[in-house]
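Since the structure comes first, as structure tokens, the remarks are kept for the end.
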Amino acid sequence: MQVPARFEYERADSVPHALELLARYGPEARIVAGGHSLIPMMKLRLAQPEALIDINGLAELGRIAVEGDELAIGALVRHTELLDSSTATDLFPIFRDAERVIADPIVRNRGTVGGSLCQGDPSEDLAAVFSALRARAVIQGADGPRTVPIRDFHEGPYETAVGPGELLVQLRVPITPGTGSAYEKVERRVGDWPVAAAGAVVTVRDGVIVRAGIGLTAVGAEHFCAPEAESHLEGRRPGEEAFAEAGRIAGEHCDPHADQRGPADYKRHLAAELTRRALARAAGRI
């Protein structure tokens, strides 16, 4: 039988209350919302927090809204809520593409956007999505909020910029006219972690790419992005040749590891091909 070690449990009724509880219980306290990553780890005793702080009652963290020239997504937004949000998916179809292939309906109904990002798994889908979108993470602490570019948010496998006593509260995505987005994923079976996946965001003005965002996951891409491939695209006209070369560059600069999902060369090939496909779909959606 898999049974977690003993822990304290508190239910937060506001963001300040959650921060107060984090301060009270110290660095061994953990936030729980969906719990689909944390609870299995606790059952296996790979994680043994001294206290769980439940934030499911914090409605202020569950909003999706356009605020000025940004889309604001609360950290407590469930995967299924993001999938069903026309506000988010009409602006950025990449959310629809990705959320459709994340886990299964049971996980999507309870799992949260913030929880996925804070887990910091090297194969996380939304990490690549938000990296391609160049989102910003809003982190709340005792001294107030601070903003971190999402490409600086993940500091290594299972390590993020959220410090002790802090809470990820929101993601902010810039809204730019003339932009299309898409996500492509290869998985061994429906709902599985990706063998490889790529997200693309393309902004075109006067027939020229003025900005490109490429997010990669499960292939060892630093900070889940492909900056060399992005730089290659900027200033060029969108087209198959440019997208294929960007894919080649993305595959060349990632660092996948062989595992049960496939050899490194296969994953590098997938990174290149999925980048090409995602770029083509993104451009077609502008």
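- S181 OG to L91 CG: the interatomic distance, rounded to the nearest 0.5 Å, is 9.0 Å.
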All N/O donor-acceptor pairs, side-chain side in residues 164-177, below 3.5 Å, sequence neighbours left out:
{"unit_1": "E166", "atom_1": "OE1", "unit_2": "R146", "atom_2": "NH2", "d": "2.8"}
{"unit_1": "E166", "atom_1": "OE1", "unit_2": "G163", "atom_2": "N", "d": "2.7"}
{"unit_1": "E166", "atom_1": "OE2", "unit_2": "R146", "atom_2": "NE", "d": "2.9"}
{"unit_1": "Q170", "atom_1": "OE1", "unit_2": "R172", "atom_2": "NH1", "d": "2.8"}
{"unit_1": "R172", "atom_1": "NE", "unit_2": "E70", "atom_2": "OE1", "d": "2.6"}
{"unit_1": "R172", "atom_1": "NH1", "unit_2": "E67", "atom_2": "OE1", "d": "2.8"}
{"unit_1": "R172", "atom_1": "NH2", "unit_2": "E67", "atom_2": "OE1", "d": "3.1"}
{"unit_1": "R172", "atom_1": "NH2", "unit_2": "E70", "atom_2": "OE1", "d": "3.1"}

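- Contact annotation: the side chain of R211 never approaches that of E230 to less than 4.5 Å [non-hydrogen atoms, C-beta and beyond].
- Applying the salt bridge (Lys or Arg N to Asp or Glu O under 4.0 Å) criterion to E234, with sequence neighbours excluded, gives no partner residue.
- Residues satisfying the ring pair (Phe, Tyr, Trp, His ring centres under 6.0 Å) criterion with Y183, sequence neighbours excluded, are absent altogether.
- Residues that satisfy the ring pair (Phe, Tyr, Trp, His ring centres under 6.0 Å) test with F153, not counting sequence neighbours, are absent from this structure.
- Annotation: side chain to side chain donor-acceptor pair (under 3.5 Å) contacts involving residues 28-37, sequence neighbours excluded, are absent.
- Checking side-chain atoms of T217 against main-chain N and O of E124 turns up a donor-acceptor pair under 3.5 Å.
- E222 is not listed as a side-chain neighbour of R151, based on a closest heavy-atom distance of 4.5 Å or more.
- Side-chain contact between E8 and L52: absent, with no pair of heavy atoms (C-beta onward) separated by less than 4.5 Å.
- Looking at residues two or more places apart in sequence or on another chain, you find no ring pair (Phe, Tyr, Trp, His ring centres under 6.0 Å) involving H79.
- Hydrophobic clustering (side-chain heavy atoms under 4.5 Å, transitive across Ile, Leu, Val, Met, Phe, Trp, Tyr) groups L233 together with I286.
- Within the 4.5 Å cutoff, side-chain heavy atoms of R268 are placed close to those of C254.
- When side chains are defined from C-beta on, V210 does not count as touching V204, because their heavy atoms never get closer than 4.5 Å.
- The shortest side-chain heavy-atom distance between E187 and W193 does not fall under the 4.5 Å cut-off.
- Taking P145 as the reference, V138, Q140 meet the side chain to side chain contact (heavy atoms under 4.5 Å, CB included) condition, with sequence neighbours excluded.
- A distance-only check finds no donor-acceptor pair linking the side chain of R24 to the backbone of L19 [under 3.5 Å].
- Every residue meeting the side-chain hydrogen bond (donor to acceptor under 3.5 Å, both in side chains) condition with H17, not counting sequence neighbours, appears here in chain and number order: D13.
- R96 and T89 share a side-chain donor-acceptor pair at under 3.5 Å.
- At least one donor-acceptor pair closer than 3.5 Å links the side chain of H154 to the backbone N or O of L117.
- By the 4.5 Å heavy-atom criterion applied to side chains, P49 and M42 are counted as neighbours.
- Pairs of residues two or more places apart, or lying in two chains, that qualify as side chain to side chain donor-acceptor pair (under 3.5 Å) and include a residue from residues 248-261 are E245-R248, R248-E252, D259-K267.
- By the 30° and 60° cut-offs, the orientation of the rings of F95 relative to F130 is tilted.
- The pair R110-E81 does not meet the salt-bridge criterion, since no charged nitrogen lies less than 4.0 angstrom from a carboxylate oxygen.
- Under the side chain to side chain contact (heavy atoms under 4.5 Å, CB included) criterion, A278 pairs with E184, A200, not counting sequence neighbours.
- In the hydrophobic clustering, where aliphatic and aromatic side chains (Ile, Leu, Val, Met, Phe, Trp, Tyr) are joined below 4.5 Å either directly or transitively, Y266 groups with V186, V195, L270, L274.
- The stretch residues 97-127 participates, sequence neighbours left out, in no ring-ring contact (aromatic ring centres under 6.0 Å, His included) pair at all.
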